[in-house]
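First the structure, in the form of structure tokens, and then the observations on it.
We name chains A, B, ... by the order of the sequence lines, and we start the count at 1 in each one.
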Protein chains: 2
Amino acid sequence: MLGALSVEPMSGYAIRQAITETLGHFWSESFGQIYPTLARLEAEGLVRRDAAGQTSGSTFRLTAAGRRRLVHLLREPIPAAPPRNGTLLRLFFGGLLGPKECTEVVHEVRDAARRRLDQLTAIHAEVAAEARDDVGARYRLMTVSSGLHAARASLAWAEETLDALREMDAVDR
Amino acid sequence: MLGALSVEPMSGYAIRQAITETLGHFWSESFGQIYPTLARLEAEGLVRRDAAGQTSGSTFRLTAAGRRRLVHLLREPIPAAPPRNGTLLRLFFGGLLGPKECTEVVHEVRDAARRRLDQLTAIHAEVAAEARDDVGARYRLMTVSSGLHAARASLAWAEETLDALREMDAVDR
DNA sequence: CCGAGCATGTAACACGTTACATGATTGC
DNA sequence: GCAATCATGTAACGTGTTACATGCTCGG
């Protein structure tokens, strides 16, 4: 949230939008998280609320202390969440389902990877164009590239695995 | 947990071990989760507890209903956790840190990817050998392969990104 | 006998989501 | 005027982790 506000001042609602739209590939926050946090950040003096005169809603902007805090937070590692990949868990016990049903599972992975690849390829082109003038865009480009690498890996794995499943199915009968 | 018990009957402690050791690359469970769940599964008649005579601890085994339930659970998709990649988040706002500090961050990603690649390569060889006789091992191999693809992608991205950061650092000065 | 590992369990806590409630604004 | 969207907030709920408490067992 501090990061979002470092780009430009905005409402809590807009922060949520910015996060889902721009960071959606690797981060997420819900309203139930955003508003209480915003209140806390205000109390800590890290953001300031411009209570709008007549229009509804308020605009939050980063204070100097907020910016310092953001930089400080970016310096230290963010603890990784424990791994949880439902697809792999299902596949691990695939012997209980058989090749047919596993094929469906991997099929969905492949399709999702393809969609993601298309999306990210488009975004990559956009951000790459921005990156010529805007230094910040070069860093954003790295995160897009990470998604691209991951999507390509996912796609390659899915295709390899579908081949293996086809072979197992052929031997079965 | 039902999956672990489908391989062979074991204690709650051993379930935890099996999960961290064997599924560690894509799944995790803590004791605080395991024991209450085990009690619930017992109440639902999905597992049976062989209260050992003199030795401490008990052995849990899957009942017929438990096996049916496992197959049923494997059939339906496991909801994906919302994405949270701390490294990418930090890099996205990399402009606030500069190329030097970002290099450290990506460096760690690269090293972690290399270690993982080595680990998984060894495991892959092992499981591939088992897969000749054991059909179940073929499914397990797929999950290892997924990890390999992901690790290679992570490594390739890290190296590409380190190059980009080197260039940005060179231009900076 | 003692330390390491096996084994079970609970309580407190943190985190995050979903759903709900409420109202303003804007474009058609 | 009405629907969609902007906007803020809270309460309930579920989930999962950490830390703690407790005791057994086995090898050296």
Side-chain angles (χ1 to χ4, degrees), chain A residues 1-5 8-24 26-44 46-61 73 76-86 89, chain B residues 1-5 8-24 26-44 46-61 73 76-86 89:
Chain A
M1 288 171 51
L2 293 177
L5 293 178
E8 61 176 341
M10 59 183 106
S11 70
Y13 189 90
I15 291 176
R16 154 82 186 218
Q17 267 191 332
I19 291 177
T20 44
E21 280 165 24
T22 312
L23 312 181
F26 58 88
W27 204 262
S28 70
E29 296 292 349
S30 64
F31 283 128
Q33 199 80 334
I34 285 175
Y35 288 111
T37 301
L38 228 27
R40 206 196 72 215
L41 293 176
E42 194 188 6
E44 291 180 47
L46 303 177
V47 306
R48 205 173 60 234
R49 181 189 308 238
D50 291 348
Q54 66 276 44
T55 60
S56 91
S58 24
T59 302
F60 296 87
R61 80 177 58 237
L73 287 172
E76 46 200 75
I78 295 169
R84 287 246 152 147
N85 185 324
L89 186 63
Chain B
M1 288 171 52
L2 293 177
L5 293 178
E8 62 176 343
M10 60 182 105
S11 69
Y13 190 89
I15 290 176
R16 153 82 184 218
Q17 268 191 333
I19 289 176
T20 44
E21 280 165 25
T22 313
L23 313 181
F26 58 87
W27 203 263
S28 70
E29 296 292 349
S30 64
F31 284 128
Q33 199 79 337
I34 285 175
Y35 289 110
T37 301
L38 228 27
R40 207 197 72 214
L41 294 176
E42 194 187 7
E44 289 179 48
L46 303 177
V47 306
R48 205 175 59 234
R49 182 190 306 238
D50 290 349
Q54 66 274 46
T55 60
S56 90
S58 25
T59 302
F60 296 87
R61 79 177 59 237
L73 287 172
E76 46 200 76
I78 294 169
R84 284 236 154 163
N85 186 325
L89 187 63

Roughly how far, to the nearest 0.5 Å, is the CG atom of B/Asn85 from the CG atom of A/Leu23? 11.0 Å

Between B/Ala14 and B/Arg84, the residue closer to the 5' end of DNA chain C by nearest nucleotide is B/Ala14

Does anything in residues 26-39 of chain A form a side chain to side chain donor-acceptor pair (under 3.5 Å)? List the pairs, not counting sequence neighbours. A/Trp27-A/Glu29, A/Glu29-B/Arg84

Could you measure the distance from the CD1 atom of A/Ile19 to the CD1 atom of A/Ile34? Nearest 0.5 Å is fine. 5.0 Å

Contact nearer the 5' end of DNA chain C, comparing B/Pro82 with B/Ser11: B/Ser11

State, with a plain yes or no, whether a side-chain heavy atom of B/Asp50 is found less than 4.5 Å away from one of B/Arg61. yes

Mind calculating the distance between CD1 (A/Ile19) and P (D/dA7) to the nearest angstrom? 15 Å

Name the closest nucleotide to the B/Gln17 side chain, picking from C/dC6, C/dT10, C/dG16. C/dC6

Rounded distance (Å) that lies between atom P of C/dA7 and atom CE of B/Met10: 11 Å

CZ of B/Arg49 versus P of C/dA7: gap in Å, rounded? 14 Å

For DNA chain C, which residues of residues 26-35 of chain B approach it to below 4.0 angstrom with any heavy atom? B/Gly32, B/Tyr35

Before giving the answer on side-chain contact (heavy atoms from CB on, under 4.5 Å), spell out for A/Val47 and A/Leu2 the whole-Å C-alpha distance, their side-chain angles and the decisive distance to 0.1 Å. CA-CA 8 Å; A/Val47 306; A/Leu2 293 177; 4.0 Å; yes

B/Ala4 and B/Met10 have their tightest heavy-atom pair at O-CE, 3.2 Å

Can you measure B/Arg40 atom CZ to C/dG9 atom C1' for me and round it to whole angstrom units? 17 Å

Rounded (10°) bend between the five-pair end axes of the helix from C/dC1-D/dG28 to C/dC28-D/dG1: 20°

Please give, in whole Å, the distance from C/dC6 P to B/Ile15 CD1? 15 Å

Before giving the answer on side-chain contact (heavy atoms from CB on, under 4.5 Å), spell out for A/Leu38 and A/Ile15 the whole-Å C-alpha distance, their side-chain angles and the decisive distance to 0.1 Å. CA-CA 10 Å; A/Leu38 228 27; A/Ile15 291 176; 4.2 Å; yes

From C/dA7, D/dT8, C/dG16, pick the nucleotide closest to the side chain of B/Tyr13? C/dA7

Contact class for B/Arg16 (heavy atom, under 4.0 Å): base, sugar-phosphate, or nothing? nothing

Just how far, in rounded Å, is P of D/dA7 from CZ of A/Phe60? 11 Å

For C/dA7, does either OP1 or OP2 sit under 4.0 Å from a side-chain N or O belonging to B/Ser58? no

Taking C-beta and beyond as the side chain, do B/Leu5 and B/Leu41 meet within less than 4.5 Å on heavy atoms? no

Tell me, with the steps shown, if A/Phe60 and A/Arg48 meet side-chain contact (heavy atoms from CB on, under 4.5 Å). CA-CA 6 Å; A/Phe60 296 87; A/Arg48 205 173 60 234; over 6 Å; no

